[in-house]
Amino acid sequence: MSGQGTVPSTQHFQLQTIADGVWVAQPKVDGGAACNAGIIDLGEQTLIFDAFLTPQAAAELLTVAEEISSSPVKLVVNSHHHLDHIGGNQIFPETTTILSTSATRALIAQQAAQQLAALQEQEAQRLAELEKQAATARKSAEKQDAQQALAQWRFLQEALPNWQFRLPTTTFDQRLVLYGRQRQAELITYGGGHSQS
């Protein structure tokens, strides 16, 4: 499609054009995305910013990114180590460079196995809790939040038996600029905030 024409329909997210060659993918309530993601067509390669929570959502993101951009996805950026931003790393081909700060890579390496073990340990109990919350929520916003959490958990459960964490392969400390034929992306870290990096 080369960035032209209609935006593809998706199960896990809604796609919105931000600027020429730049899109945001926002999670749907009944999908497995969980966080926002970005797609930037640099020209000779496409960058995905954050790989979603589940491999199912990330696979859809990869397909859509290559449909709407003029070039293949060669770069994935992990903004931080939380599972909803790195869970989809595993679906990208080994030839895809995954970028993060050095601190984020270290946090993924330290905490990924613990996150996976916790998910597997609480699998049945958490599902029952979320089903109850979705069934008993009275306010519209609470019900929507509970339904979204339940949908995400179901996609996670489906993926857990074959789950693999994939670490970033390239890191930077403060700033990294990626220059493309059509546009550039600048990655900047300010240290702490929502996470330790």
Side-chain angles (χ1 to χ4, degrees), residues 10 12-16 18-19 22-29 31-42 45-62 64-65 73-94 96-122 126 145 148-149 151-153 155-156 159-160 163-178 180 183-197:
T10 65
H12 296 282
F13 58 89
Q14 297 172 349
L15 198 64
Q16 181 179 351
I18 300 299
V22 182
W23 300 266
V24 65
Q26 298 171 305
K28 287 185 174 179
V29 171
C35 73
N36 292 334
I39 301 169
I40 304 171
D41 184 350
L42 297 173
Q45 58 188 347
T46 295
L47 176 150
I48 287 181
F49 188 87
D50 281 336
F52 283 151
L53 172 65
T54 66
Q56 301 96 313
E60 186 178 72
L61 182 63
L62 173 59
V64 168
V73 172
K74 295 290 184 184
L75 303 166
V76 172
V77 176
N78 291 155
S79 66
H80 62 290
H81 72 287
H82 293 159
L83 185 61
D84 56 327
H85 297 258
I86 66 167
N89 282 1
Q90 62 190 295
I91 67 93
F92 292 93
E94 289 297 321
T96 304
T97 300
I98 300 180
L99 301 160
S100 75
T101 64
S102 301
T104 293
R105 187 187 192 284
L107 287 164
I108 295 170
Q110 292 167 6
Q111 297 182 13
Q114 295 168 350
Q115 290 179 20
L116 181 58
L119 286 173
Q120 291 169 330
E121 186 177 301
Q122 58 182 273
R126 184 69 177 138
D145 288 348
Q148 186 169 20
Q152 291 166 2
W153 192 258
F155 283 110
L156 270 174
L160 278 176
W163 199 281
Q164 298 175 358
F165 279 101
R166 184 155 163 226
L167 290 169
T169 53
T170 302
T171 62
F172 66 98
D173 289 320
Q174 297 296 320
R175 179 176 178 264
L176 177 66
V177 181
L178 303 164
R183 58 196 53 82
Q184 69 185 42
E186 185 173 3
L187 308 176
I188 303 170
T189 180
Y190 295 100
H194 177 64
S195 74
Q196 294 94 318
S197 179

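In this text, all values refer to a predicted model and were calculated from it rather than measured experimentally.
Contact between F92 and A51 at its shortest, heavy atoms only, is CE1-CB, 4.0 Å. The two residues P27 and A34 make their nearest non-hydrogen contact at CB-N, 3.6 Å.
Within a 6.0 Å radius of CD in Q164, other residues, nucleotides and ligands contribute 12 heavy atoms or fewer. Other residues, nucleotides and ligands place no more than 12 heavy atoms under 6.0 Å from the CD atom of Q174.
Distance check: L167 CG to H81 NE2 gives 13.0 Å after rounding to the nearest 0.5 Å. Distance check, rounded to the nearest 0.5 Å: CD of Q184 to CG of L42 gives 9.0 Å. Note that SG of C35 and CD of Q152 are 9.5 Å apart. Values are rounded to the nearest 0.5 Å. Between atom CG of residue L83 and atom CD of residue Q111 there is a gap of 11.0 Å, rounded to the nearest 0.5 Å. The line from CG of L107 to CZ of R105 is 11.5 Å long, rounded to the nearest 0.5 Å. Here L75 contributes atom CG and T97 contributes atom OG1; the two are 5.5 Å apart, rounded to the nearest 0.5 Å.
For the pair Q14 (side chain) and A25 (backbone), a donor-acceptor distance under 3.5 Å is absent.
No side-chain heavy atom of L53 sits less than 4.5 Å from a side-chain heavy atom of I86. The closest side-chain heavy-atom distance from Q90 to W163 is below 4.5 Å. Side chains of T54 and W153 form no contact here, defined as non-hydrogen atoms less than 4.5 Å apart. Residues V76 and L99 form no side-chain contact, since every pair of their non-hydrogen atoms from C-beta on lies 4.5 Å or further apart. Looking at heavy atoms from C-beta onward, L176 lies out of side-chain contact with E186 at the 4.5 angstrom threshold. For the pair F49 and I39, the minimum side-chain heavy-atom distance is 4.5 Å or more. Between H12 and L61, every side-chain heavy-atom pair lies at or beyond the 4.5 Å cut-off. Looking at H82 and Q115, their side chains never come closer than 4.5 Å, going by heavy atoms from C-beta outward.
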- Message: One pair to check against side chain to side chain contact (heavy atoms under 4.5 Å, CB included): R166 and I98. What are the steps and the verdict?
- Response: CA-CA 9 Å; R166 184 155 163 226; I98 300 180; 3.7 Å; yes
- Message: With side chain to side chain contact (heavy atoms under 4.5 Å, CB included) as the criterion, how do T96 and K74 come out once you've worked through the C-alpha distance, each side chain's angles and the decisive distance to 0.1 Å?
- Response: CA-CA 5 Å; T96 304; K74 295 290 184 184; 5.8 Å; no
- Item | Verdict with supporting geometry, N36 and D50, side chain to side chain contact (heavy atoms under 4.5 Å, CB included) | CA-CA 8 Å; N36 292 334; D50 281 336; over 6 Å; no
- Do N89 and N78 pass the side chain to side chain donor-acceptor pair (under 3.5 Å) test, and can you show the C-alpha distance, the side-chain angles, and the key distance before you say yes or no? CA-CA 9 Å; N89 282 1; N78 291 155; 2.8 Å; yes
- Query: Where do V64 and W23 land on the side chain to side chain contact (heavy atoms under 4.5 Å, CB included) test, with the steps shown first?
  - Reply: CA-CA 11 Å; V64 168; W23 300 266; over 6 Å; no
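Residues F52 and H85 keep their aromatic ring centres 6.0 Å or farther apart.
V77 pairs in a side-chain contact (heavy atoms from CB on, under 4.5 Å) with only one of the listed residues (I40, T104, T101, L187), which is L187.
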